[in-house]
Number of protein chains: 2
Amino acid sequence: MKFEVMSSILPNSNNADAQAAGAGIASPAPTFSPLYQQIKALIMQRLEAGEWKPGELIPSEVELGGRFKVSQGTVRKAIDELAAENLVVRRQGKGTFVATHHETQAQFRFLRLMADSDEPQRPENKIIEVKRVRASAEVARQLDMKSGDSVIFIRRVKSFNGVPIILEDIWLPGAIFKGLTAERLVEYRGPLYGLFESEFGTRMIRAEERIRAVGADPDAAGFLGVTPQTPLLSVERASYTYGDKPVEMRRGLYLTTNHHYQSELS
Amino acid sequence: MKFEVMSSILPNSNNADAQAAGAGIASPAPTFSPLYQQIKALIMQRLEAGEWKPGELIPSEVELGGRFKVSQGTVRKAIDELAAENLVVRRQGKGTFVATHHETQAQFRFLRLMADSDEPQRPENKIIEVKRVRASAEVARQLDMKSGDSVIFIRRVKSFNGVPIILEDIWLPGAIFKGLTAERLVEYRGPLYGLFESEFGTRMIRAEERIRAVGADPDAAGFLGVTPQTPLLSVERASYTYGDKPVEMRRGLYLTTNHHYQSELS
DNA sequence: AAGTGGTCTAGACCACTTT
DNA sequence: AAGTGGTCTAGACCACTTC
């Protein structure tokens, strides 16, 4: 808990109390940041620390304003940004809740593959393999670990309406996902990130994908029921939790004969 | 210019004046929208009408507040959203400007292909072909026209550091881009959307892309210097201007041997 | 009735830019 | 010095939810 602004830098009488709230900790950082950003950072720290867990209600804006000695409007602006980043969800009349991956609306936020037709798609996951391996140089780099560190490897196939469409390899840091077993994965219903969140206390916040066109290798061709060299979408994903800490690496091969990857540019 | 809220629906004394500003037009819409959304819509209408052109300064928040008979804070919230949608750019101390495609920062907003390495990429465009054609059924559907309507077709190749990477076909509504010639395209420096904006008064706001993996046809293989059936990224883009009116359709074939399409999930 | 987020106003001071 | 957007406060009323 700290405020980065000193009264001398930001001689705003309104801020005096807020600065006092962080009293005792002299900040070495010379960079300015507005009060609401500092409040946002404070709330984010508490989210990260698990003070309020996914799905739970956080204190009201008035309550937080009192706690941090700032006006409700300032807390509001802080929470506005947290809501824009999907860390938190507002519900009028009820309050503000910590975002969770256990919601129908969140199911498709991280799967951008859409059917060309508008027929309903019954998704189905099949776990092919789960094993503990040593991190390769590339996996170690992506997950911010050392080469040879323990990593959990998952291979699965996602089908739509019974037709295999995605072959996906997933690498997870062994230290974080210690007790993860094939049995648990097979029996679990719902999105993987929901499992990570509720059983391993690791909430995925943000991801980046790198997309390429590749030819199917014999292995992939077998799983997807196509001939080798069939063009496939290669989707490499790096997932991050609080503080941009990497927590997952994926590589998916998407069959895009009757599906497409949807991207919004704005 | 209209307000969708009647005093009886929104009995906020603060709004009374704002409602009066739209006086004379009875609104049939029964849906509620907050004042700042109405202000936002009003400003958007003026942007669309070209009252303030791209790159120009729009009136200050105080000025607009006076004009619409609402407080500066309400105008601010309206402009906040317009800025978030990239319709407008704020500059502290200067004012708020209509966004434009003639800015270095905007150059890469609509090209998500990145080099795998971090070597500098010298881009280069080569116009292959420009011709007037009749809209096929699919083009007509995408551009919201009738089959057979006049369409301008452009084919070009984009190279990085002298190596051809993208073959792109572009379809434009003939009615909007009437005077567009191959000569003008060849001599024009800078992003295509900049040309559209300053010479045809059509500003692209938003786009959607559908991505697939395909095998190179002989034609494409020739332009990109690869063998037929080489996997390529097929990127179909639909571009929209104000009011979600389609103004462009594209189909790019990206060679992703040393490049990748970058996508942020959040 | 009480509490919550959602909207709106009014006024103040700040940092930045231009005159 | 004057004008602009950026931040912060304080207070009001609203719509929605729960008790």
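- Not one side-chain nitrogen or oxygen of Thr74(A) sits closer than 4.0 Å to the OP1 or OP2 atom of dC8(D).
- Atom P of nucleotide dC8(C) and atom NZ of Lys69(B) are separated by 17 Å, given to the nearest angstrom.
- For the pair Lys94(A) NZ and dA2(C) P, the interatomic distance rounds to 22 Å; values are reported in whole Å.
- For the pair Asp80(A) CG and dG5(C) P, the interatomic distance rounds to 11 Å; values are reported in whole Å.
- One atom, CZ of Phe32(B), and another, P of dC14(D), lie 12 Å apart when rounded to the nearest Å.
- When atom types are taken as modelled, the side chain of Asn125(B) and the backbone of Arg156(B) share no donor-acceptor pair closer than 3.5 angstrom.
- A salt bridge does not link Glu236(B) to Arg210(B): none of the charged side-chain nitrogens sits closer than 4.0 Å to a carboxylate oxygen.
- Annotation: cation-pi pair Arg91(A)/Phe97(A) present, NZ/CZ under 6.0 Å from the ring centroid and within 45° of its normal.
- Each of Lys40(B), Arg90(B), Arg76(B) was checked for a salt bridge (Lys or Arg N to Asp or Glu O under 4.0 Å) with Glu81(B), and the lone residue meeting it is Lys40(B).
- Classification of Lys158(A) and Glu168(A) as a salt-bridged pair fails, no side-chain N sitting under 4.0 Å from a carboxylate O.
- Rounded to whole angstrom, the span from the CZ atom of Phe97(B) across to the P atom of dT17(C) amounts to 11 Å.
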Both distances under 3.5 Å, Watson-Crick or G-U wobble: on that basis, could you give the dot-bracket string for DNA chain D, with [ ] for crossing pairs and | for other-strand partners?
||||||||||||||||||.
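- Here the side chain of Arg237(B) pairs no donor or acceptor atom with the backbone of Glu209(B) at under 3.5 angstrom.
- As rounded to whole Å, 12 Å separates atom P of dT7(D) from atom CD of Gln72(B).
- Applying the 4.0 Å criterion to OP1 and OP2 of dG5(D), one finds that Thr96(B) has a side-chain N or O inside that range.
- In this structure, Lys77(B) reaches the dT7(C) phosphate: one of its side-chain N or O atoms is under 4.0 Å from OP1 or OP2.
- Comparing dC8(C), dG6(C), dA10(D) against the side chain of Ser71(B) picks out dC8(C) as the nearest.
- The CD-P distance, from Glu63(B) to dA2(D), rounds to 19 Å in whole Å.
- Within the 4.0 angstrom heavy-atom criterion, base atoms lie near Arg76(A).
- OP1 and OP2 of dT4(D) both lie 4.0 Å or more from every side-chain N or O belonging to Arg90(B).
- With respect to the salt-bridge test (charged N to carboxylate O, under 4.0 angstrom), the residues Arg46(A) and Glu48(A) do not qualify.
- Among the protein residues, Gln92(B) comes within range of the nucleic acid bases, having at least one heavy atom under 4.0 Å from a base atom.
- For the pair Arg184(A) and Glu199(A), the salt-bridge criterion is met [side-chain N within less than 4.0 Å of a carboxylate O].
- The residue among Pro59(B) and Gly73(A) whose nearest nucleotide of DNA chain D is located toward the 5' end is Pro59(B).
- Under 4.0 angstrom from either OP1 or OP2 of dT4(D) there lies at least one side-chain N or O belonging to Ser60(B).
- Side-chain proximity of Val70(A) to dT9(D), dC8(C), dT9(C): nearest is dT9(D).
- Here dT7(D) presents its P atom at 12 Å from CD of Gln38(A), a figure rounded to the nearest Å.
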